[in-house]
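Below, read A as the first sequence line, B as the second, and so on, with proteins coming before strands; counting in each chain starts at 1. The structure displayed is predicted, hence computed values, not measured ones.
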Number of protein chains: 2
Amino acid sequence: MEIKKLINPFTFEVNIKNEIISNFDNHIVRKLSSMKSQYMDSQAYEDLLKKEDSLVYEVYEKLAPELPGELMQGMSIVHPGKVGDEYFMTKGHFHKVLDTAEIYYCLKGHGYMMMETMDGEWQAEELKPQISLYIPGSWAHRSINIDDNEDLVTLFCYPAIAGHDYATIEEKGFKKLLIERDDKPVVIDNPKWKTA
Amino acid sequence: MEIKKLINPFTFEVNIKNEIISNFDNHIVRKLSSMKSQYMDSQAYEDLLKKEDSLVYEVYEKLAPELPGELMQGMSIVHPGKVGDEYFMTKGHFHKVLDTAEIYYCLKGHGYMMMETMDGEWQAEELKPQISLYIPGSWAHRSINIDDNEDLVTLFCYPAIAGHDYATIEEKGFKKLLIERDDKPVVIDNPKWKTA
């Protein structure tokens, strides 16, 4: 057999209470200022930003070799909050290698994953503890925290070659948005959405 | 964009208490009788089998299209027990597409993952709740339950094209075994091991 091992097996500990994984390789922090034009209500966004450049979400990454058979993984934390009526959320992205899947396993909190394909099909799935979500290849995805107080905490994994395409969503937005109406999450059309 | 979606996103619920996932596609059951010659102590194996064809482990699979960017997942349950001094364990396998990784996330119980490469390097990692284990491509792996009473329950995922090669391990065995000595797990050489 010629195929040799590239790295050794490794473990990390998932600390659900403290919302962190041990031995992570990267800690990504996204503040409100990095999400310009992602939220529907531009005025609410500017007003909130003037008050505080809030921490919207964080990601702890555990890396693997960028090869077809390997997997990247990590923990995602979306903090509670709203911009106007729109919940705090991740930027959302397609994978650069479009036809690569991703799995999210929810550990804490309450939220939704908003998903859509390049040809405009969309789907939203509820996230709560012990729910495992499968996002097949070719679906963009954005985590949304609908709880007023608690963080939305998930574990994720995806093929190591997937990469991230944030630009498509930054340009055209998601077709659907999740906003709060009468204390409940409601899916509405995104007035700023551009077809691809 | 020409790449079209193959399946829609889906969720399942992980029931840790009842050790099952909702909406599973397959339920695999491995009894002692299916593990002939896997255990070191052949006499203890035959004696135990005469008494009862015990349930050693179970797997609930959630399938995805067998394509490079997709991921298979599921829940694995190794029941407590011993064949002589050797703990109940899974058969263990390489992936048919050898250089594909696998992730295990432990939900319940206490055990080890025994791993080895084709060229005889080996590694054992402890599994307990909230431990995530990364098995890179080219490492065979076997789950072992070291608890006297509790099941070892893990979630797993791996590239959908990986496939299973059980034959190599059935033929040559694992280089190292985990047995109980003075109430503790100890790694020993497998007297039946054959080099590849």
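Linking Ile, Leu, Val, Met, Phe, Trp and Tyr whenever their side-chain heavy atoms come within less than 4.5 Å leaves Met72(B) and Tyr166(B) in two separate clusters. Put simply, Met89(A) and Met40(A) are part of two different groups of oily side chains (I, L, V, M, F, W, Y) that touch within less than 4.5 Å, one to the next. Clustering ILVMFWY residues whenever any of their side-chain heavy atoms sit less than 4.5 angstrom apart, transitively, puts Ile169(A) in a cluster other than the one holding Ile179(A). In terms of hydrophobic clustering, with Ile, Leu, Val, Met, Phe, Trp and Tyr side chains grouped at heavy-atom distances under 4.5 Å, Val97(A) and Val97(B) are assigned to different clusters. There is a path of hydrophobic side-chain contacts, each under 4.5 Å, that joins Tyr158(A) to Ile28(A).
For the residue pair Cys157(A) and Cys157(B), the shortest heavy atom distance occurs at SG-SG, 3.0 Å. Scanning both residues, Ile7(B) and Tyr134(A), for their nearest heavy atoms gives CD1-CE2, 3.9 Å. Residues Ser132(B) and Gln73(A) share a closest heavy-atom pair of OG-OE1, 3.4 Å. Scanning all heavy atoms of the two residues, the minimum distance from Ala101(B) to Glu70(A) falls at CB-OE1, 3.6 Å. Minimum heavy-atom separation, Pro159(A) to Gly69(B): CG-O, 3.6 Å.
Looking at Ile161(B), neither its backbone nor its side chain comes within 4.5 Å of chain A, counting heavy atoms on both sides. Only the side chain of Glu125(A) comes within less than 4.5 Å of a heavy atom of chain B; its backbone N, CA, C and O stay farther away. For Leu107(B), the part lying near chain A is the side chain, with the backbone staying farther off; criterion is any non-hydrogen pair under 4.5 Å. Using a 4.5 Å cut-off between heavy atoms, Tyr105(B) contacts chain A through its side chain alone, with no backbone atom that close.
For Glu150(A), the CD atom is densely surrounded, since the number of other residues' heavy atoms within 6.0 Å is greater than 12. The environment of NZ in Lys91(A) is crowded: more than 12 heavy-atom neighbours from other residues, nucleotides or ligands sit within 6.0 Å. Within a 6.0 Å radius of NZ in Lys192(A), more than 12 heavy atoms belonging to other residues, nucleotides or ligands are found.
Residues Ile103(A) and Ile103(B) have side chains not in contact (no heavy-atom distance under 4.5 Å, counting atoms from C-beta outward). Counting heavy atoms from C-beta outward, Leu6(B) and Pro136(A) have side chains that stay 4.5 Å or more apart. Side-chain contact between Met115(B) and Asn8(A) is absent, with no heavy-atom pair separated by less than 4.5 Å. Under the 4.5 Å side-chain criterion, counting only non-hydrogen atoms from C-beta, Thr11(A) is not in contact with Glu126(B).
Comparing Leu155(A), Asn15(A), Ile135(A) by heavy-atom pairs within less than 4.5 Å of chain B, the highest count is held by Leu155(A). Between chain B and the options Thr100(A), Leu133(A), Leu71(A), heavy-atom pairs under 4.5 Å are most frequent for Leu71(A).
Between the side chain of Gln123(A) and the backbone N or O of Pro9(B) there is at least one donor-acceptor pair closer than 3.5 Å.
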